[in-house]
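Contents: one structure, followed by commentary.
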Protein chains: 2
Amino acid sequence: MAVTIKDVAKLSNVAPSTVSRVIANNPRISEKTKIIVRAAMDELGYHPNFIARSLANQSTRVIGLVLPNSTDVFFQNPFFPTVFRGLSDGANERQYALQINTGNTDEEIFEGVIQMVQGGRVDGVILLYSRIEDKVLNYLRERNFPFVVIGKPFKDVELITYVDNDNYMASKEVTNYLLSLGHEQIGFIGGDLNFVVTVERLLGFEKALRDAGIRSNDDYIIHSQFLREGGREAIGKLMNLQDPPTALVVADDLIALGVLNTLSEMNISVPDDISILSFNNVLFAELSNPPLTSVEINIFEIGYQAAKSLIQILANPKVPVKRIIVPHELVKRHSCSHVSVVEL
Amino acid sequence: MAVTIKDVAKLSNVAPSTVSRVIANNPRISEKTKIIVRAAMDELGYHPNFIARSLANQSTRVIGLVLPNSTDVFFQNPFFPTVFRGLSDGANERQYALQINTGNTDEEIFEGVIQMVQGGRVDGVILLYSRIEDKVLNYLRERNFPFVVIGKPFKDVELITYVDNDNYMASKEVTNYLLSLGHEQIGFIGGDLNFVVTVERLLGFEKALRDAGIRSNDDYIIHSQFLREGGREAIGKLMNLQDPPTALVVADDLIALGVLNTLSEMNISVPDDISILSFNNVLFAELSNPPLTSVEINIFEIGYQAAKSLIQILANPKVPVKRIIVPHELVKRHSCSHVSVVEL
DNA sequence: TTGTAAGCGTTATCAA
DNA sequence: TTGATAACGCTTACAA
């Protein structure tokens with residue numbers, strides 16, 4: 001058996017409670033005994049048992065992470081590892097551990113969350129996504145269990161603490177950028193509309209066009225989580241329109257990569273024939289051919305802030321609901337150019 | 001407070017121990033009381049407290065995952081999310097939860113592992129990497145703590161349970177494939193030599209050349225974890241050799257992507273001027289330009305098997321040490337071609 | 001400043 | 001087939 005607080009107590013001739021107080025660095029213990037007890041801990045190689053501590057404290061110092069179901073593109077997206085690094089940094093800083101819940105179906109995930117929460121495995125939860133309708137989120141709210149959302153909640157925004165970019169604004173900005181390059185026929189390629197981030201980016205896009213007095217064209221808007229075959233067809237149809245777009249706002253670098261690929265197969269040159277602008281600025285945006293002009297959204301920071309916020313809530317359940325907006329920035333590379341003048 | 005076993009006991013007029021037995025589905029409890037107790041559990045919305053259970057059982061049903069330090073390329077590599085999905089599936093199947101340990105320095109990681117292990121937070125550990133010299137691995141062995149390695153251990157291979165591909169063989173095979181295409185000047189671009197996987201792939205490569213009677217050329221071997229600027233220079237030097245290679249074995253798709261990028265900047269065409277063959281067959285291998293010929297290593301399966309193996313060890317600590325080799329397969333795309341005949 | 005003892009929610013041993 | 005009770009390792013009143 002491992003060495004316990006009792007062993008330390010015995011060796012240092014004090015009561016177990018004293019040892020416990022030394023661990024907590026309780027100021028009411030004399031320096032002298034602290035030294036003695038610490039020496040004993042070292043000698044025995046004592047390490048506190050977190051499980052026992054959790055039971056006594058009713059607190060585990062573990063944060064539960066909820067991912068969308070793993071059949072989603074989410075996992076393949078470099079967004080995940082990066083946000084995870086941020087979460088990890090934020091958690092480690094305050095000695096919190098991370099437990100991850102995932103599953104192949106929404107039902108599995110929901111079950112997992114219940115285990116985490118009602119099983120007392122975690123003190124709080126971070127949702128790594130935000131969807132239009134989400135059982136998990138509703139459940140957490142009902143139970144009044146501490147949680148933070150990464151992404152903008154679909155409803156009751158002012159009642160939920162979340163960390164996000166201003167995707168609406170960002171999308172408006174980049175659409176304006178394309179407009180400033182002279183583009184007027186701009187398409188939008190989005191991912192799954194069940195995710196709020198997609199919706200926000202679409203809305204910002206549409207607003208920019210409206211502000212510019214450009215009538216929106218339904219043919220120019222495509223939705224698909226495609227990466228491979230799926231989207232090929234859609235892009236083909238889009239580019240074979242009588243009046244194909246001269247620029248594309250793409251909701252995610254990964255999708256943009258697929259688009260780039262398809263266009264290259266169709267012998268359509270980027271940015272000469274069409275400009276591509278996407279979001280997230282993951283590593284591959286830089287390595288693609290041509291390198292993508294993309295919106296840096298500071299994914300790491302998002303994760304870091306999410307962890308910090310949750311920990312703050314755990315420390316003081318009464319902190320007011322907070323919205324944290326992480327700044328974004330357009331990184332210009334080589335996938336966008338001035339619209340080419342068409343000779344008639 | 002949450003509803004406990006005692007509440008259930010009271011409501012169903014039995015002792016707490018009986019409720020506990022019902023939960024465990026102990027056959028020595030009558031069906032009648034089982035039904036009563038289960039009804040009470042439903043009525044109260046009872047969920048067992050894992051922490052208490054862990055303390056009583058001395059077992060948490062949590063598996064600790066140890067990642068290399070997060071400054072490593074590892075996180076950016078799609079390998080991570082995929083292996084994670086496999087681990088997750090394997091763990092969920094047997095109701096194990098996953099806790100992740102990481103950190104920015106090796107020291108931080110080591111500390112985290114100690115917390116996990118000595119703090120009793122986890123029942124076993126999976127190392128997601130294998131290095132030449134690894135403090136964590138040594139620590140786990142010393143304490144005789146259950147663990148499984150993903151990747152081939154550097155030493156004492158026959159004493160450690162691990163899951164891996166036969167990277168040596170795979171590398172030999174693909175080098176032979178390039179040889180069969182007529183290439184004789186073949187280079188190798190590897191990642192960090194501290195990781196065993198890099199070493200294995202290099203050794204297999206060299207063996208194939210030796211078997212073919214080709215003298216090895218140190219100028220043809222480059223090591224770097226570069227993705228961006230780092231490797232550019234190295235590739236430049238390589239291609240400016242008097243006798244540049246006509247083919248490259250690259251240890252990782254991600255590196256290959258960087259190489260592709262650099263070559264494209266240098267106006268060197270793949271596969272016409274040089275063939276590129278890499279490992280892992282991650283999604284981007286398919287989306288790159290040209291699509292990469294790459295070795296499929298079944299990353300998901302690796303994760304899945306690792307989880308399964310560890311759980312098996314936990315169930316029966318005396319199961320013999322096991323080595324699981326996950327099969328690989330060359331996926332031919334468009335980055336390799338027959339060597340071009342040089343007119344003299 | 002320190003010790004005693006109850007309690008956190010389970011499981012498991014022993015008796016009944 | 002079930003119930004009492006100790007035990008898991010720690011924290012925290014309350015007492016001293």
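Naming convention: chains lettered A, B, ... in sequence-line order (proteins, then strands); numbering from 1 in each chain. Because the structure is a prediction, the values reported are computed rather than measured.
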> Quick one: A:L55 CG to D:dT11 P, roughly how many Å, whole number?
Replying inline: 11 Å

> Would you say A:T33 reaches C:dT2's phosphate, i.e. side-chain N/O to OP1/OP2 under 4.0 Å?
Replying inline: yes

> For B:R21 and C:dC14, what is the distance between atoms CZ and C1' respectively, to the nearest whole Å?
Replying inline: 10 Å

> If you take all heavy atoms of A:I100 and A:F84, which pair is closest and at what distance?
Replying inline: CD1-CE1, 3.8 Å

>> Starting the side chain at C-beta, find the nucleotide from C:dT10, D:dT1, D:dT11 nearest to B:A56.
In response: C:dT10

> Choosing from C:dT11, D:dT1, D:dG3, which nucleotide comes nearest the side chain of B:R53?
Replying inline: C:dT11

>> Nearest whole Å is fine: how far is D:dT5 P from B:K6 NZ?
In response: 13 Å

>> When you compare the side chains of A:N138 and A:E133, does any donor N or O come within less than 3.5 Å of an acceptor on the partner?
In response: yes

> When the distance from CD1 of A:I29 to P of C:dG3 is rounded to whole Å, what number comes out?
Replying inline: 8 Å

>> Side chains of A:T105 and A:N69: any donor to acceptor distance under 3.5 Å?
In response: no

> Closest approach of B:R53 and B:I23, non-hydrogen atoms and distance?
Replying inline: NH2-CG2, 3.2 Å

>> So if I take every side-chain heavy atom of B:S30 and compare against D:dT1, C:dT10, D:dC10, which nucleotide ends up nearest?
In response: D:dT1

> Under 3.5 Å, is there a donor-acceptor pair linking the side chains of B:Y162 and B:Q305?
Replying inline: no

> To 10°, what angle do the rotation axes through the five end pairs on each side of the helix from C:dT1-D:dA16 to C:dA16-D:dT1 form?
Replying inline: 40°

>> Between A:T161 (side chain only) and A:K322 (backbone N and O only), is there a donor and an acceptor less than 3.5 Å apart?
In response: yes

> Given that B:P48 and B:R28 both sit by DNA chain C, which one's nearest nucleotide is further toward the 5' end?
Replying inline: B:P48

>> Tell me whether the side-chain N or O atoms of A:S17 pair up with the base of C:dT4 as donor and acceptor below 3.5 Å, since no angle test is needed here.
In response: yes

